[in-house]
Amino acid sequence: MLITLHNILDRDRLQNLRSMLAGGQFIDGAASAGANARQVKHNEELAGNQKQRQYLDQMIVSSLAANENFRSAALAHRVSQPVFARYTTGMAYGDHIDDPVMGDGGGRFRVDLALTLFISDSADYDGGELIINTTFGNQQVKLAAGDAVLYPASSLHRVNTVNRGERLVAVCWIQSLIRDPARRELLFELDQARGALRATSPRSPQSAQIDHVYTNLVRMWSEL
Ligand code: NI
């Protein structure tokens with residue numbers, strides 16, 4: 001399932017982020033790819049100094065944590081540091097799947113979900129669509145600046161060649177509390193019904209019942 005998350009970053013944060021990235025140092029993205037992905041990866045990634053990285057990481061991670069739909073859809077156990085990727089004209093990332101496990105030592109985590117956050121305005125570049133292979137065929141994703149898409153890290157995906165301008169995105173990987181995508185989707189759906197009931201009839205027994213079921217399903221299915 002692909003989930004679009006709107007307004008992860010507001011105007012001020014976007015402006016701030018873009019001006020920091022404009023002055024940042026980018027290096028060949030192939031360096032961070034696995035052996036197979038390296039063959040098809042043609043982009044650049046922010047190197048940046050440690051202080052700048054910390055600031056930017058914090059901006060992205062706190063913006064995600066503040067978004068109700070992200071919290072509900074991902075049920076995140078771990079969120080990786082974001083990678084800030086830049087595609088200038090002619091760059092692309094061919095078909096690949098993301099690594100199953102990332103991080104070192106005690107920071108190792110299973111990669112259940114990938115998230116691409118769009119930083120460039122979509123009118124400022126041509127091409128550069130994220131193409132995700134799903135059970136319903138290929139889905140083409142190119143979102144407004146500040147929006148993000150959440151998708152299974154297990155899916156084959158690519159980034160089309162940028163034909164004009166520059167595509168800036170932040171990419172994060174997530175270990176979910178709920179490993180099974182089918183269970184995670186059911187919980188997302190149930191949580192939406194729970195939210196609607198809370199809004200319309202917060203004191204009803206049905207609202208309390210749905211809340212009880214949701215909470216205990218998360219407890220039953222969580223893996224830490
Ligand atoms: Ni990928």
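Whatever order the structure lists them in is the order used to number ligands and atoms, beginning at 1.
- In summary, the side chains of H6 and N69 do not present any donor paired with an acceptor at a separation below 3.5 Å, with no hydrogens or angles considered.
- No hydrogens or angles considered: a donor-acceptor pair under 3.5 Å links the side chains of R219 and N216.
- Around the Ni ion (ligand 1), the protein N, O or S atoms found under 2.8 Å comprise H96 NE2, D98 OD1, H157 NE2.
- Residues L46 and R86 have side chains not in contact (no heavy-atom distance under 4.5 Å, counting atoms from C-beta outward).
- With contacts defined as side-chain heavy-atom distances shorter than 4.5 Å, the pair W173/D99 does not qualify.
- Residues forming a side-chain contact (heavy atoms from CB on, under 4.5 Å) with A30 (at least two apart in sequence, or on another chain): D28, R38.
- Here R184 contributes atom CZ and L177 contributes atom CG; the two are 10.0 Å apart, rounded to the nearest 0.5 Å.
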